[in-house]
Amino acid sequence: IADVQEVEGPAEVPHVSEPAAPAPPQPAPAPKRRWKAAWVGLPVIGLVVGLIAGLIVVGFRGASPRPEPVLVRLTNNVAADRQPDVSPDGRHIAFVTNRDGGKDEIYVMDANGSHPRNLTNNAAQDDGPAWSPDGQHIAFTSDRRGPVEIFIMDGDGGHPRPIIVGARPAWSPDGKSLAYNAGIEGHSEIFVIAVDGGNPRRLTFDHRFNADAAWSPNGQKLVFTSQAATNKLEIHTVGLDGSGRATLSAGSWDDSLPTW
């Protein structure tokens, strides 16, 4: 448009006797300007990409690494110490030991391994300690009256009382019931009973091996070890009314001792 105005402009002025010199041609816009803008933009894009990448790397490096587990020895003697169970407040550990030279006893120690003390202290076989959810009692198994029974005692070992014939007790989350296994016609089945006694409720009828029950966090199911389907140990679940039986593991290996 500028070139046309400059050519037509002189024709509109009659007093000019000589033709106006043509305007020098305007050079076409050099494509280098476009490339220059593009090259200027590339570092900006690179900077943004690099910044994002840097933030990602910093994010990964700045994340707190998961601490490596530290193995701490809590007992140190020639006896067999086993079946530890940590109190709900994390301050004490109940466990089974034969350090007194006889049958197994139930001991409790501080969480750092100090101050071990015998809670059962008798000639019977006592094992399987399990803290109640409130930390006030310990359920365990004992043959002190002949048959293997489940007992409940205070957290300091006082006032042991029998509950029912059975083994491997596990407290419900609300502390009102115990799951356990008991022998029926030469087989082990899963039961639930109130801690104050009463009639037990049988949950499995496989006439095979079922044991090691553990409660779901909401107290609606049990997970346990079972040999019901195959000759291998598997992990099963069942509802408190005996319904909804499910197999969680099935393979060529033994699976046992589940927990939620």
Side-chain angles (χ1 to χ4, degrees), residues 74-89 91-111 113-172 175-204 209-215 222 224-225 256-257 259:
L74 300 181
T75 62
N76 187 9
N77 57 68
V78 296
D81 301 322
R82 56 193 179 89
Q83 297 181 5
D85 191 58
V86 181
S87 63
D89 62 8
R91 298 175 57 189
H92 301 96
I93 300 173
F95 64 102
V96 176
T97 180
N98 63 356
R99 63 182 60 191
D100 294 325
K103 292 186 177 181
D104 287 340
E105 302 280 5
I106 295 176
Y107 271 59
V108 68
M109 62 182 172
D110 295 347
S114 63
H115 305 106
R117 46 210 180 271
N118 192 337
L119 298 186
T120 49
N121 197 22
N122 62 66
Q125 179 80 13
D126 301 314
D127 59 17
W131 288 94
S132 62
D134 62 5
Q136 299 300 308
H137 301 90
I138 297 176
F140 65 102
T141 301
S142 178
D143 63 357
R144 62 184 60 188
R145 301 199 314 171
V148 175
E149 298 175 287
I150 294 172
F151 284 73
I152 293 178
M153 63 181 171
D154 296 342
D156 60 2
H159 307 101
R161 59 184 177 91
I163 302 299
I164 196 168
V165 173
R168 305 181 190 181
W171 293 84
S172 62
K176 296 181 178 180
S177 301
L178 291 172
Y180 65 99
N181 51 270
I184 300 292
E185 299 176 353
H187 304 289
S188 180
E189 304 289 357
I190 302 295
F191 293 81
V192 170
I193 190 172
V195 295
D196 57 0
N199 294 322
R201 183 167 64 255
R202 183 175 174 177
L203 301 185
T204 60
F209 177 79
N210 297 286
D212 308 321
W215 294 79
L222 295 177
F224 57 98
T225 302
S256 60
L257 300 175
T259 186

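Only heavy atoms go into these numbers, but all of them, side chains included; no hydrogens, no water, no symmetry mates.
- Side-chain N or O atoms of D154 include none that pairs as donor or acceptor with a backbone N or O of D156 at under 3.5 Å.
- The closest side-chain heavy-atom distance from F209 to T225 is below 4.5 Å.
- Nearest heavy-atom pair across P129 and V96 is CD-CG2, 3.5 Å.
- Ring geometry for Y107 versus F95: interplanar angle of 30 to 60°, hence tilted.
- Separating the CG atom in L222 from the OG1 atom in T204 is a distance of 10.0 Å, to the nearest 0.5 Å.
- Taken to the nearest 0.5 Å, the OH atom of Y180 stands 14.5 Å off from the CZ atom of F224.
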TODO: Verify side chain to side chain contact (heavy atoms under 4.5 Å, CB included) between D85 and F140, making sure each step is shown before the conclusion.
DONE: CA-CA 11 Å; D85 191 58; F140 65 102; over 6 Å; no
Task: side chain to side chain contact (heavy atoms under 4.5 Å, CB included) between H92 and D110, worked out - done: CA-CA 4 Å; H92 301 96; D110 295 347; 3.5 Å; yes
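- Figure legend: R144 and F151 shown as a cation-pi pair, the cationic atom lying under 6.0 angstrom from the six-membered ring centre and within 45 degrees of its axis.
- Shortest non-hydrogen contact noted between I193 and G197 is CG1-O, 3.9 Å.
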- [ ] Quick one: do W215 and V192 satisfy side chain to side chain contact (heavy atoms under 4.5 Å, CB included)? Show the steps, please.
- [x] CA-CA 11 Å; W215 294 79; V192 170; 4.0 Å; yes
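- Separation of atoms NE2 (H137) and CE (M153) is listed at 11.0 Å; rounding is to 0.5 Å.
- Here K176 contributes atom NZ and W171 contributes atom CH2; the two are 13.0 Å apart, rounded to the nearest 0.5 Å.
- Atom CG of residue N210 and atom CZ of residue F191 lie 10.0 Å apart, to the nearest 0.5 angstrom.
- At least one side-chain heavy atom of M109 sits under 4.5 Å from a side-chain heavy atom of T75.
- Under a cut-off of 6.0 angstrom, the local environment of CZ in R82 is crowded, with over 12 non-hydrogen atoms contributed by other residues, nucleotides or ligands.
- Scanning all heavy atoms of the two residues, the minimum distance from A213 to A179 falls at CB-CB, 4.0 Å.
- When all heavy atoms are compared, the tightest approach of N98 to A80 is OD1-N, 3.0 Å.
- Here the shortest heavy-atom pairing between I138 and A94 reads CD1-CB, 4.3 Å.
- Within the 3.5 Å criterion, the main-chain N or O of I106 finds a donor-acceptor partner in the side chain of T120.
- T141 contributes no side-chain N or O that, together with a main-chain N or O of I150, makes up a donor-acceptor pair within less than 3.5 Å.
- In this structure, CG on D196 lies 8.0 Å from CD1 on I163, to the nearest 0.5 angstrom.
- Between the side chain of E189 and the main chain of A182, no donor-acceptor pair closer than 3.5 Å is present.
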- [ ] Kindly indicate, with the supporting measurements, whether the criterion salt bridge (Lys or Arg N to Asp or Glu O under 4.0 Å) is fulfilled by D126 and K103.
- [x] CA-CA 8 Å; D126 301 314; K103 292 186 177 181; over 6 Å; no
TODO: Please test L178 against I164 for side chain to side chain contact (heavy atoms under 4.5 Å, CB included), starting from the C-alpha separation and ending with a verdict.
DONE: CA-CA 10 Å; L178 291 172; I164 196 168; over 6 Å; no
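- The pair R168-D212 meets the salt-bridge criterion, with a side-chain N (NZ, NE, NH1 or NH2) lying under 4.0 Å from an Asp/Glu carboxylate O.
- Here the side chain of D100 pairs no donor or acceptor atom with the backbone of G102 at under 3.5 angstrom.
- Panel note: side chain S87, backbone G135; no donor-acceptor pair is recorded below 3.5 Å.
- Taking both residues in full, the closest heavy atoms of D127 and Q83 are given as CB-OE1, 3.6 Å, listed atom of the first, atom of the second, then distance.
- When the shell of 6.0 Å around CG of N199 is examined, it contains 12 or fewer heavy atoms from other residues, nucleotides or ligands.
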